[in-house]
Amino acid sequence: MVKRSWQTDRGGRLSGLSRWFLLLVTVVTLGSVSVSAHATPVTAESVTAGQLQKAVGADGAVATPVTQASGISAQVYRNSSALDLAQQVRSGKVTSTQLVQQAITKVKADNPQLNGVITLREDAALQEAAALKDTGQPFLGVPILIKGLGQTIKGGQNTDGLYPNRNAISGYTGILVRNLQSAGFIVIGQTNFPEMGLLNVTTSKLYGAAHSAWNTDYQPGGSSGGSATSVADGMVPIATGNDAGGSVRIPAAWSGLVGLKPTQGMIQGDGSSATAHTVNFAETKTMVDTQQLFDALKQSKASAPAAPSQLNKLTIAYTTKSPVGTPVSADAVKAVQQAVSFLKQQGFTVKEVNPPVDGKALMRAYYILDTSAGSVANYVIQTATKKAMTKDDVSPLTWGLYQASKNLTKEQVAQANATIAAGAAKMATFHQTYPLLLTPTVATTAPLVSDPAVLPQYEAKLKNMENVPVDQQMPLIYDAWLHGLSMTPFTQQANLTGEPAISLPTYVSAKGLPLGIQFTAAKNQDRTLMAMGALFEQHHLFKTLEDAQATPEPSSSTGTGSSTGASSQPQVTEPSVTPTAPVVRPTAPNQQAAKPAKKIVKVVYVTSPFKLYRDAAQHQVKRQYKAHSRTTAPSFKVLQVIKTATGQRVYRVKGGYLLAGHGVYNRYYQRVPQKPKRTIRVIAKKGVYEYRTVHLKRQQRIKHVKVKKILHVKKIVKVGHVTRYQLKNGHYVTANRQFVHWN
């Protein structure tokens, strides 16, 4: 058997990585430590996923955390960047203890539905927050979640996702996590990942499947899927991941987040050799957080020059063709085409090219190296249980890799490394002509949670890999992984070449699922990638879950707001007028079945506590909500109005069914005021603000408009299912009926 290195922080379904040694002893890798099952059991500082669900309830209901005493509102917490939260702590508007408690409360409320968090260290985190001193840390007092694979913290789980190793506990805190703590973060727990990090989705026998915060029927991606769904949901503003084949970028693309994979060796603790393919970083929401985190974790001796002052002088190559010849969805193509149009508008030279490297050859080499994951799994399980690994201990994929690893020759491994080195050399030459390469991050939107990671016909063969002829074993592994590879064929190359790459959240499909675009650059050009991300962000092209669920910003009565300096302006509070729900005549008493009613509303918002149902008959609860003020109330696009046999009025909304009644209001105007005047009158008692963009972010306020003021409307603009008015002066105001009225 060829013994090669394999690093535990894997990359996507197609990861290839490996620890520097085959774990013949306890080995420190990438800032983490692997310890045997003889470690102490889980303590109160580290709550298991099962204990966490039991504490919250098994019905999966999700509630929004209330405002913490003397803290900030739930919405402000969710919408703030990590740096914003650090500034709130530094200015004394909130304490780190309050932020940590708020984060833990949200995890306990939302995690039963998402399964993104596998452990909580509540007591330890609160103690660390209370003892924190301000020494200028950039992320002072900000809660963070760390990936449960390859990023260890003392007392936390260190299982590699292997069920027989479920009791393994970390002996100490690794380099990456120590650096996060030095930057001011408070680690509140660990996030979900697949067994050995081998998949581009997050599911395993040990931890179960993670679910997308956008739509729980879908995957958030992998292998850093637990981190991605936790950030998208707003549990924390940043959660760490690692990337050996797309494990940061794939879940970023499928969760509406920013996913940077730095240059190999750029981050302190990561390997820098030609055979190292794993990088530690994080799932983030904003470019300013991404840039600051990069600076906090960067090796001091690593070169990362500034981005060009004239970014649009760069020539950008792009392709929408899969490097392995698999289909690419219309959504992925459209996402890139939209980016190309924007780049041309910004003055970039953009040229379409074919994939510059033979992706099939790269992936075959990748899989040869990845067989070592099976060998490591065998060693870890044997160490933990004192018994050899059996096929029932692990997934069929892990078992198949283990059996194939026994038959690899030194010549095969050497040829695989040579193929990868040739690909890296070709990309270095390519970037001399094209500093940036633009592709989809993924070829499709996220798969359903029910979609198998490996198709059943291949699982059966992998489970009996010891009986497969040697010359057919590697082709079988390629075929078995092809189902996943066809969804994510664009990410692995950057790991093998050592180049930096970034996924940007710029697209949402008609079904409401996010999809990212990817830029790849030459080694050490990480800051150029981040500058590109900032360009898209500054032009409001990021499409996050907050945008998809956009509601008017919270008033001064619900929180402290952003730390962008807008607090000196007058605060707008909600008006006291409460509209009545439309009156609908009930159906005849003898009517037996529900039937559609005339649709008279397009968007509703709900202030009372309510339940979102999976069916019109209201038998199955999908999600539960607490009471909200009008300014923070959740809103829903109404697809149909239904009257049930009992005369109840039910809205079929995007995401489920909602019972009409008290606290459910028609929210936004859906058409522009009629000519010739096209004017609206402000009816909010404390007025409204004019904003620079349609997003109505607090830091974009331009002008305060008092009650009774008349405004001239140019057009109505839709942001998801929310509407805004663009005024003739180019500014934007809310189209909420509670704040403005057609004149």
Side-chain angles (χ1 to χ4, degrees), residues 7-18 147 149-150 193-194 196-203 210 219-229 240-264 270 276-284 322-324 326 328 332 335 355 357 359 362-363 365-367 369-370 373 397 420 423 427 437-447 453 481-505 514-521 529:
Q7 293 166 339
T8 55
D9 42 359
R10 314 285 302 162
R13 168 179 310 226
L14 313 162
S15 60
L17 317 144
S18 59
K147 187 174 180 178
L149 179 67
F193 62 94
M196 303 295 287
L198 286 170
L199 304 177
N200 62 0
V201 292
T202 297
T203 186
Q219 265 282 339
S223 63
S224 305
S227 291
T229 197
T240 64
N242 31 52
D243 193 313
S247 273
V248 166
R249 289 162 288 152
I250 293 167
W254 282 342
S255 302
L257 302 173
V258 177
L260 173 67
K261 180 247 145 185
T263 298
Q264 187 67 50
D270 289 349
H277 307 305
T278 305
V279 174
N280 285 278
F281 202 62
E283 308 288 346
T284 57
S322 164
V324 296
T326 49
V328 177
V357 177
L362 273 185
M363 293 314 301
Y366 197 30
Y367 295 156
L369 303 185
D370 216 23
L397 179 60
I420 292 169
M427 284 307 300
L437 173 63
L438 167 64
T439 67
T441 306
V442 289
T444 68
T445 51
W481 247 323
L482 189 59
H483 179 61
L485 177 61
S486 64
M487 290 185 281
T488 60
F490 296 100
T491 55
Q492 298 78 29
Q493 180 177 296
N495 296 95
L496 300 176
T497 62
E499 296 172 341
I502 192 169
S503 180
L504 303 177
L515 190 151
I517 58 171
Q518 176 180 253
F519 285 97
T520 307
L529 293 181

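When a residue number appears, it is its place in the shown sequence, counting from 1.
A donor-acceptor contact shorter than 3.5 Å is absent between the side chain of D243 and the backbone of F281. Side chain of R249 to backbone of T491: a donor-acceptor contact under 3.5 angstrom is found. Side-chain atoms of K261 come within 3.5 Å of backbone N or O of E499 as a donor-acceptor pair. Of the possible donor and acceptor atoms, none in the side chain of N280 sits under 3.5 Å from a partner among the backbone N and O of D270. Using a distance-only test at 3.5 Å, with no hydrogens or angles considered, a donor-acceptor pair links the side chain of Q518 to the main chain of F490. Counting only distance, with no hydrogens or angles, the side chain of S224 and the backbone of G241 share no donor-acceptor pair below 3.5 Å.
Under the 4.5 Å side-chain criterion, counting only non-hydrogen atoms from C-beta, P514 is not in contact with P505. Side-chain contact check for I420 versus H277: some heavy-atom pair is nearer than 4.5 Å. Between K147 and S223, some side-chain heavy-atom pair lies under the 4.5 Å cut-off.
Remark: F519 pairs with F536 by the ring-ring contact (aromatic ring centres under 6.0 Å, His included) rule, at least two apart or across chains. Residues meeting the side chain to side chain donor-acceptor pair (under 3.5 Å) test with S227, sequence neighbours left out: T191.
Put simply, OG1 on T441 and CD1 on I502 are 9.5 Å apart, with the number rounded to the nearest 0.5 Å.
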